[in-house]
Trainee: 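Questions regarding the structure given below will be posed in turn.
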Amino acid sequence: MRPLVIAIDGPAGAGKSTIAKALATALGIEYLDTGAMYRGVTYEVLRRGLEATDVDAVARVARDVRFEQTANSLHVNGDDATAAIRTPAVDAAVSHVAANSAVRSELRERQRQWIAERGGGVVEGRDIGSVVFPDATLKVYLMASPRVRAQRRVAQHGGDVDEIARAITERDERDSTRDDSPLRQMPDAVVVDTSERSIDAVVAHIRELIVARTELS
Ligand code: DC
C-alpha cells in the first residue's frame with residue numbers, strides 16, 4: 001500500500017507548523033517539521049563558528065549531524081536545540097544553508113527514510129510536494145498575506161511588525177529564487193489561504209480533502 005503522506009508547503013508564517021501538527025494529531029499520525037532540520041544544521045554550523053556560505057564545510061556538518069526529533073523538540077548531537085534553532089541568528093543564516101544542494105540531498109534522504117520507517121505522516125516544508133514526495137496523497141500549499149504572517153510572528157516572538165514583514169519577504173525571496181528545490185506552488189496542490197480562517201476550520205477543510213482523495217484511490 002502507498003504510504004499516507006500529507007505534504008504541507010508554503011512560505012514562512014503561513015501557519016504550516018500549527019496546521020500540520022493539529023492535522024497530524026487529528027489523523028493519529030506523526031508530524032515532521034523539515035524546516036527544523038535545516039535550522040538544526042544551521043545551529044550546528046554557527047555553534048562551530050563556520051560561515052553559513054561555506055558550501056563544503058556546511059555540507060560536512062549536514063552529513064555528520066545527529067538529530068533526535070519529536071513534534072515539539074529537536075536535539076542536535078545530543079544537545080536540546082529546540083529554542084536555539086528559532087533565534088534571529090539562525091533565522092538570518094538558514095536560507096543560505098537551505099540553498100546548499102549537498103545539504104538538501106542529505107536531508108531529503110533522511111525525510112524519505114522517516115516516512116519509510118512509519119508508513120506515512122504529515123510532512124511540512126517548502127519542497128515536500130514538489131521534490132521530496134511528488135506522489136504524496138495530498139499536497140497542500142498554505143498561504144497568508146504578508147502582513148498577517150508578520151503579525152503572527154510578532155504575537156509569538158515579539159518584535160516590530162514592519163521589520164519582521166521585511167525579513168519574511170527577504171527570506172521568501174531567497175527560498176523561491178534559489179536554484180535547488182525552490183519554494184513553489186505545484187499545479188496539483190490545493191491552495192489554502194489561512195489569513196482569515198481559524199486553525200480548526202483549516203484542519204477540518206484539509207481532513208475533508210484527504211477523505212475525498214483516499215476514497216477516490
Ligand atoms: O519553516 P521554517 O521557517 O522553519 O524553515 C526554515 C528555513 O528552511 C526556511 O528558510 C526555508 C528552509 N526550508 C527549505 O528550504 N526546505 C524545507 N523543506 C523546509 C525549510
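Read the numbers this way: they start at 1 and go in the same order the structure lists the ligands and their atoms. Numbers here are sequence positions counted from 1. If you're wondering where the values come from, they're calculated on a predicted model, not measured in any experiment.
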Trainee: My understanding is that we take every heavy atom of each candidate and find the minimum distance to atom 7 (C) of ligand 1. Doing that for D91, D172, T42, V94, which one comes out nearest?
Mentor: V94
Trainee: Hey, are R166 and E163 close enough for a salt bridge, meaning a charged N less than 4.0 Å from a carboxylate O?
Mentor: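 Salt bridge: no.
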Trainee: Give yes or no for whether the N/O distance cutoff of 3.5 Å, strictly under, is met between T34 and ligand 1.
Mentor: yes
Trainee: Evaluate the criterion salt bridge (charged side-chain N to carboxylate O under 4.0 Å, His left out) for residue pair D172 and R149; output intermediate values, then yes/no.
Mentor: CA-CA 12 Å; D172 282 354; R149 291 158 55 201; 2.4 Å; yes
Trainee: Is the shortest distance from a heavy atom of R86 to ligand 1 less than 4.0 Å?
Mentor: yes
Trainee: Tell me whether R104 has any N or O atom under 3.5 angstrom from an N or O of ligand 1.
Mentor: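 Yes.
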Trainee: Taking only heavy atoms of A98 into account, list the atoms of ligand 1 that are under 4.0 Å away from them.
Mentor: 12 (C), 15 (O)
Trainee: Counting only heavy atoms not in E51 (residues, nucleotides, ligands), do more than 12 fall under 6.0 Å from its CD?
Mentor: no
Trainee: For atom 11 (C) of ligand 1, what is the nearest protein heavy atom, given as residue, atom name and distance?
Mentor: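 Result: D175 OD2, 3.3 Å.
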Trainee: D200 and S198: side-chain hydrogen bond (donor to acceptor under 3.5 Å, both in side chains), yes or no, with the steps?
Mentor: CA-CA 5 Å; D200 287 351; S198 70; 5.5 Å; no
Trainee: Would you say R39 and ligand 1 have an N/O pair spaced under 3.5 Å apart?
Mentor: yes
Trainee: Any N or O on Y38 sitting closer than 3.5 Å to an N or O of ligand 1?
Mentor: no
Trainee: Can you pull out the closest protein heavy atom to atom 9 (C) of ligand 1? Residue, atom name and distance to 0.1 Å, please.
Mentor: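 Answer, as residue, atom name and distance: R171 NH1, 3.3 Å.
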Trainee: To the nearest 0.1 Å, how far is atom 20 (C) of ligand 1 from its closest protein heavy atom, and which atom is that?
Mentor: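 Among all protein heavy atoms, the one nearest atom 20 (C) of ligand 1 is G35 CA, 3.5 Å.
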Trainee: Might you work through the salt bridge (charged side-chain N to carboxylate O under 4.0 Å, His left out) test for E44 and R47, ending with a clear yes or no?
Mentor: CA-CA 5 Å; E44 185 61 18; R47 199 187 65 79; 2.9 Å; yes
Trainee: Is it the case that T82 and D80 place a side-chain donor and acceptor less than 3.5 Å from each other?
Mentor: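 The answer is yes; a qualifying pair exists.
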Trainee: For residues 7-23, tabulate all N or O donor-acceptor pairs below 3.5 Å that involve a side-chain atom, not counting sequence neighbours.
Mentor:
unit_1, atom_1, unit_2, atom_2, d
D9, OD1, R126, N, 3.2
D9, OD1, D127, N, 3.2
D9, OD1, I128, N, 3.0
D9, OD2, I128, N, 3.4
D9, OD2, G129, N, 2.8
K16, NZ, G10, O, 2.9
K16, NZ, P11, O, 2.9
S17, OG, E124, OE1, 3.1
S17, OG, E124, OE2, 3.3
K21, NZ, N72, OD1, 2.9

Trainee: Does any N or O atom in D127 lie less than 3.5 angstrom from one in ligand 1, N or O only?
Mentor: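 Yes: some nitrogen or oxygen of D127 is under 3.5 Å from one in ligand 1.
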Trainee: If I take atom OH from residue Y38 and atom NE2 from residue H96, how far apart are they, to the nearest 0.5 angstrom?
Mentor: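 So the OH of Y38 and the NE2 of H96 are separated by 15.5 Å.
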Trainee: Counting heavy atoms only, which of M37, R126, H96 comes nearest to atom 14 (C) of ligand 1?
Mentor: R126
